[in-house]
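Before any comments, here is the structure.
First the proteins, then the strands, lettered A, B, ... as listed; each starts at 1.
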Amino acid sequence: MNSGRLVSMAWQALGRYKLRSFFMMLGSLVGVTALTLVVSIGSGAKQKMADTVGKLFNASTIMITSGSGMILSGPRGDGARLTLDDIRALESELPAVEAWDPIQVIAPAQVRHRAADSSPRVLGVSERSEHVWARSVVRGEFFDVAAVARSDRVAVIGATVARELFAGEDPVGAELLIGQVPFRVIGLLEPFGTDLHGMDRDNEILVPISTMMRRLLNVDSIRGAKLLVRSPAQLSETARECKRILRERHGLAAGQPDDFTIMTTLEVQGMMAKSERIFSLFVPLAACLAVLAGGVVSAIVMLFSVRERTAEIGLRRALGARARDIASQFLLESAVITCVGGVLGILAGTALAVLLGTRLGLPEFLSFKAVAAGLAISSVTGLGFGVIPARRAAMLVPHEALRR
Amino acid sequence: MIQLQGIGKTYEGKGAPAVRALRGVSVHIERGEFVAIVGSSGSGKSTLMNVLGLLDKPSEGTYLLDGQNVLDLSLDVQARLRNRRIGFVFQSFRLLPRASALDNVELPLLYSDRAAIDGMALSALESVGLADRARHRPAQLSGGQQQRVAIARALVNRPDMLLADEPTGNLDTRSAREIIELFQQIHRDGRTIVLITHDQHIAQHCGRILRMEDGRIVSDRGVERPLDAAAELESSAGRTELQPATEAP
Ligand SMILES: Nc1ncnc2c1ncn2[C@@H]1O[C@H](COP(=O)(O)OP(=O)(O)O)[C@@H](O)[C@H]1O
Ligand SMILES: [Mg+2]
């Protein structure tokens with residue numbers, strides 16, 4: 001039997017049973033949509049993660065945080081033991097340390113300018129922040145070593161803060177209040193965008209670390225520090241040394257846990273590789289399960305269809321269809337409809353990915369891999385799950401089928 | 001052309017007792033004959049037709065078609081034979097409800113190995129006088145028209161024999177006569193026809209009547225002067241016929 005005719009026959013049959021075809025198609029459509037979406041979003045997120053981490057961690061960075069946990073979260077009592085002297089000691093004992101920048105945080109802070117108010121994060125850093133964090137100003141200037149030494153009330157603000165407090169006005173030279181303390185804005189930070197946790201890194205104000213410790217918080221500890229090591233080869237050794245020195249300075253006995261957290265570029269890369277595996281393996285795997293479930297739904301609908309069309313099958317046999325003609329007819333119907341569902345699923349998944357990706361600010365979210373996988377999987381499930389109903393149809397005895 | 005010898009068919013019911021639907025049926029049918037098979041319901045007529053049409057394998061006996069033992073052929077070769085040589089007409093028309101008349105007629109062509117099939121379905125529809133209904137769906141046609149579409153389908157592959165199981169059973173008298181007229185015309189074109197009916201009057205239009213009872217052929221007689229359906233239609237034209245065709249006692 002002519003294969004072009006077979007396909008057009010399958011197409012016609014599907015057109016005659018629109019509702020049923022719709023449900024069969026829905027099976028593959030939902031599955032493939034999910035697959036396309038997660039794979040596309042996944043590769044976008046991976047890219048985004050690599051970008052952001054690249055901005056925070058250079059080839060050889062050591063991040064030290066007091067207590068355990070994240071450097072940018074709010075103040076905590078338990079780990080208030082890390083001091084500027086601790087980090088200075090590391091610098092003087094370890095020649096591999098090229099530069100460092102301390103950090104202290106108020107998040108969120110109450111900030112006002114005339115009637116406008118806002119609650120950004122306020123970070124206390126040194127003048128070396130510009131170099132260590134590789135983030136400078138686009139207007140005005142960064143505070144210098146003298147300003148830090150004098151605990152000047154000067155601030156460098158992010159784009160979001162500028163927009164919320166100064167709405168169009170030039171912020172450089174203007175005044176703002178952090179809590180009750182007046183500061184003069186001297187610079188506008190380079191834009192960063194959102195980070196991995198969805199935090200807007202432009203909703204930030206940088207002030208000298210000394211000013212923050214003395215005038216805003218009245219503490220003698222810092223939240224953490226970022227250290228740049230001269231070469232990646234020295235990274236693990238330097239991190240080990242940092243740990244040893246800090247434990248010694250904090251008087252921790254053997255067996256006592258660290259009261260600080262050290263993270264290096266190496267560990268971050270390891271974590272990234274791990275989450276990359278999740279993105280590129282487990283998430284698509286879950287979506288594949290959705291596709292399989294769709295295939296099962298399609299097969300069940302098709303089985304009902306075979307039962308309902310028993311008389312038709314008997315008739316076709318009488319008119320000269322061989323068992324295998326019947327099998328290929330039903331197989332083809334399954335394949336055609338799941339492929340249509342697959343193509344629609346790819347379109348829907350891609351549309352959703354674009355929508356979601358734009359929302360999350362993900363770069364380059366269209367994935368050729370996702371499209372290929374979606375097509376392959378939908379046709380394979382179409383054929384795979386079409387086999388059962390097709391066999392059932394082919395096995396019907398002609399005269400028995402005709403009695404219906 | 002058709003030689004049945006000692007054909008028996010027993011349906012082994014699951015749980016139910018076995019049914020002997022055919023018991024030693026032997027019959028010869030020559031090419032070009034128009035044979036009626038009559039008998040009460042359950043006498044085995046349809047079972048015999050299934051055997052003749054290679055839709056069912058008898059439990060015993062032999063079936064020679066043009067001298068060839070067709071019961072030993074593979075199922076695929078039997079399917080090809082059905083497709084090429086046998087046209088089926090059923091009591092309930094058996095058209096695909098959601099397909100047009102033309103698509104229905106085309107169905108056997110899909111399973112044939114003919115290279116050029118263009119126009120064959122339409123000309124078959126033409127031959128039953130329904131070319132202008134090609135795009136209609138079965139539900140948009142009268143019972144008689146639906147059966148004519150089914151006959152066009154049976155003829156489209158130009159088979160040399162036609163098997164019809166109660167083709168007029170669902171039709172009013174006039175439509176039934178039109179169908180019989182069509183059969184007589186097809187017969188005149190040289191085709192062999194086996195027509196199952198329990199209507200004696202219909203049977204009188206054929207050349208030979210086989211009577212079945214309880215799975216056996218109990219009488220086999222020729223009809224000296226078969227009725228002419230075209231003439232009957234002519235004479236009844238203009239009049240409304242209310243009485244059903246006469247039943248045989
Ligand atoms: N597929 C089948 N399974 C079991 N019994 C059947 C089957 N087909 C027909 N029969 C039985 O065989 C007998 C003959 O049936 P059938 O050939 O259909 O008679 P008719 O067409 O003359 O009415 C009946 O008793 C019927 O119940
Ligand atoms: Mg019957």
Side-chain angles (χ1 to χ4, degrees), chain A residues 1-24 304-333 336-337 390-391 393-404, chain B residues 9 11 21 46-58 74-100 102-118 137 150 153-157 159 163 165:
Chain A
M1 186 172 154
N2 171 315
S3 58
R5 287 220 161 243
L6 257 172
V7 174
S8 81
M9 201 168 85
W11 187 248
Q12 280 174 15
L14 292 166
R16 283 179 203 132
Y17 299 92
K18 290 197 180 58
L19 189 67
R20 183 154 57 210
S21 304
F22 172 73
F23 278 111
M24 286 184 58
F304 273 109
S305 177
V306 168
R307 264 179 72 164
E308 198 179 319
R309 288 160 70 185
T310 300
E312 176 192 328
I313 293 164
L315 173 75
R316 287 177 186 273
R317 293 299 298 272
L319 300 183
R322 295 163 299 179
R324 87 176 88 118
D325 293 327
I326 300 294
S328 33
Q329 176 191 346
F330 280 88
L331 201 56
L332 214 71
E333 284 185 26
V336 165
I337 197 64
R391 280 182 49 109
M395 271 163 21
L396 288 171
V397 183
H399 76 274
E400 296 278 358
L402 271 172
R403 274 160 69 92
R404 299 284 186 87
Chain B
K9 176 70 190 182
Y11 289 111
S46 295
T47 305
L48 182 58
M49 191 183 95
N50 286 339
V51 170
L52 283 173
L54 299 172
L55 292 171
D56 198 4
K57 216 178 170 67
S74 75
L75 292 178
D76 284 0
V77 175
Q78 288 186 353
R80 171 116 311 138
L81 265 179
R82 282 199 297 275
N83 181 252
R84 270 307 174 94
R85 301 200 49 187
I86 308 174
F88 290 91
V89 181
F90 305 94
Q91 175 171 3
S92 52
F93 321 141
R94 293 192 178 271
L95 300 174
L96 299 183
R98 309 193 196 207
S100 71
L102 192 66
D103 286 346
N104 268 291
V105 174
E106 206 165 53
L107 216 48
L109 296 175
L110 298 179
Y111 300 110
S112 82
D113 46 11
R114 287 180 195 279
I117 59 175
D118 290 347
R137 289 191 170 194
R153 181 181 63 194
L155 293 177
V156 72
N157 240 337
L163 302 180
D165 192 350

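- Residues meeting the side-chain contact (heavy atoms from CB on, under 4.5 Å) test with A:Ala393, sequence neighbours left out: A:Val306, A:Ile313, A:Ile326, A:Phe330.
- Distance CZ/A:Arg316 to CG/B:Leu110: 7.0 Å, rounded to 0.5 Å.
- A distance of 11.5 Å separates CG in B:Leu75 from CZ in A:Arg322, rounded to the nearest 0.5 Å.
- Looking at B:Ala99, both its backbone and its side chain come within 4.5 Å of chain A, counting heavy atoms on both sides.
- Chain A forms the most heavy-atom pairs under 4.5 Å with one residue out of B:Leu96, B:Asp113, B:Leu95, B:Asn157, and that residue is B:Leu96.
- Interface summary for chain B: among A:Gly314, A:Pro398, A:Ala318, A:Gly15, the most heavy-atom pairs under 4.5 angstrom belong to A:Ala318.
- Residues passing the side-chain contact (heavy atoms from CB on, under 4.5 Å) test with B:Asp56, sequence neighbours excluded: A:His399, B:Lys9, B:Tyr11, B:Asn50.
- For the set B:Arg114, B:Arg82, B:Arg98, B:Glu106, the entry with the most heavy-atom pairs within less than 4.5 Å of chain A is B:Arg98.
- Side-chain contact check for A:Leu315 versus B:Arg153: some heavy-atom pair is nearer than 4.5 Å.
- Residues A:Ala321 and B:Ala79 approach most closely at O-CB, 4.0 Å, considering heavy atoms.
- Neither the backbone nor the side chain of A:Arg309 comes within contact range of chain B; no heavy atoms are under 4.5 Å apart.
- Taking a 6.0 Å sphere around CZ of A:Phe23, one finds it holds 12 or fewer heavy atoms contributed by other residues, nucleotides or ligands.
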